[in-house]
Amino acid sequence: MAQAQFKMSRKGVGQLLRSDMIEAEMLRRAEVIKSVAIGISPVGQAAWDPHPGLYKESWHATSHKRGGRRRDRAVAVVWNSAPYARWVEYGTERVHAHHVLLRAAQAGGR
């Protein structure tokens, strides 16, 4: 029986990593993470929060073909544009950390 042989092409792998197919899959996974993050986002009480629900409404997902450390592969990014998103994620001395993005990535990144 003949053995199959494989010769890797670095150029071909690079083209694959930047392909529309890979970018679409990265964006699909980012949208899943975004959906989970929206579902578990805390919402402030209207009595003391001037913008209740702003954090929950501020999730975004985008993708592009030149990402990664070497800018050689398709990537997708999920982020929150609320001005206080950092403190919701990591907490402060007075407010505990919610780790919304971390939990969403762990639960929904498949």
Side-chain angles (χ1 to χ4, degrees):
M1 180 180 260
Q3 277 190 331
Q5 291 187 353
F6 171 76
K7 183 173 179 179
M8 185 180 85
S9 163
R10 287 183 177 262
K11 183 178 178 182
V13 171
Q15 289 172 343
L16 174 66
L17 290 175
R18 288 185 303 277
S19 70
D20 292 337
M21 174 183 65
I22 298 296
E23 184 181 13
E25 177 61 15
M26 294 293 103
L27 184 58
R28 184 195 68 80
R29 288 175 183 231
E31 291 292 341
V32 170
I33 291 169
K34 176 184 158 190
S35 296
V36 173
I38 289 170
I40 63 175
S41 291
V43 177
Q45 300 295 327
W48 57 269
D49 187 352
H51 307 289
L54 176 64
Y55 179 79
K56 189 173 194 154
E57 296 170 359
S58 297
W59 287 102
H60 309 280
T62 188
S63 68
H64 51 91
K65 291 187 177 167
R66 292 290 182 170
R69 188 177 62 158
R70 296 182 182 160
R71 317 275 303 147
D72 63 347
R73 63 195 64 216
V75 296
V77 181
V78 179
W79 80 97
N80 191 298
S81 61
Y84 48 84
R86 176 181 179 206
W87 294 291
V88 175
E89 185 71 19
Y90 300 113
T92 66
E93 307 92 32
R94 297 180 187 191
V95 179
H96 72 281
H98 290 277
H99 299 297
V100 176
L101 186 55
L102 173 66
R103 292 185 296 142
Q106 288 173 337
R110 298 180 190 104

How long is the span from the [atom1] atom in [X] to the [atom2] atom in [Y], to the nearest 0.5 Å?
X      : Y      : atom1 : atom2 : value
Tyr90  : His98  : OH    : NE2   : 14.0 Å
Gln106 : Leu101 : CD    : CG    : 10.0 Å
Glu89  : Asn80  : CD    : CG    : 9.0 Å
Met26  : Leu17  : CE    : CG    : 9.5 Å
Asp72  : Arg10  : CG    : CZ    : 11.0 Å

Salt bridge Arg28-Glu25, side-chain N to carboxylate O under 4.0 Å
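Yes, Arg28 and Glu25 are salt-bridged.
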Might you point out which heavy atoms bring [X] and [Y] nearest each other, and give the distance in Å?
X     : Y      : result
Ala37 : Ser41  : O-OG, 2.5 Å
Pro83 : Leu54  : CD-CD2, 4.1 Å
Ile22 : Ala74  : CG2-CB, 4.1 Å
Pro42 : Val100 : CD-CG2, 3.8 Å

Flag the pair [X] / [Y] as yes when at least one side-chain heavy-atom distance between them is below 4.5 Å, and no otherwise.
X     : Y     : answer
Pro52 : Gln45 : no
Lys56 : Ile38 : yes
Arg66 : Arg18 : yes
Asp20 : Lys65 : yes
Ser63 : Val77 : no
Arg29 : Glu31 : no

Any link between [X] and [Y] through a network of hydrophobic side chains (Ile, Leu, Val, Met, Phe, Trp, Tyr) touching at under 4.5 Å?
X     : Y     : answer
Val13 : Met21 : no
Val88 : Ile40 : yes
Val78 : Val75 : no
Tyr84 : Trp79 : no

Expected output: side-chain His60 to main-chain Ser58 donor-acceptor under 3.5 Å:
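Looks like yes, one N/O pair under 3.5 Å.
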Using the six-membered ring wherever Trp is involved, compare the ring planes of Tyr55 and Trp59 and label them parallel, tilted or perpendicular (cut-offs 30° and 60°).
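Tyr55 vs Trp59 ring planes: perpendicular.
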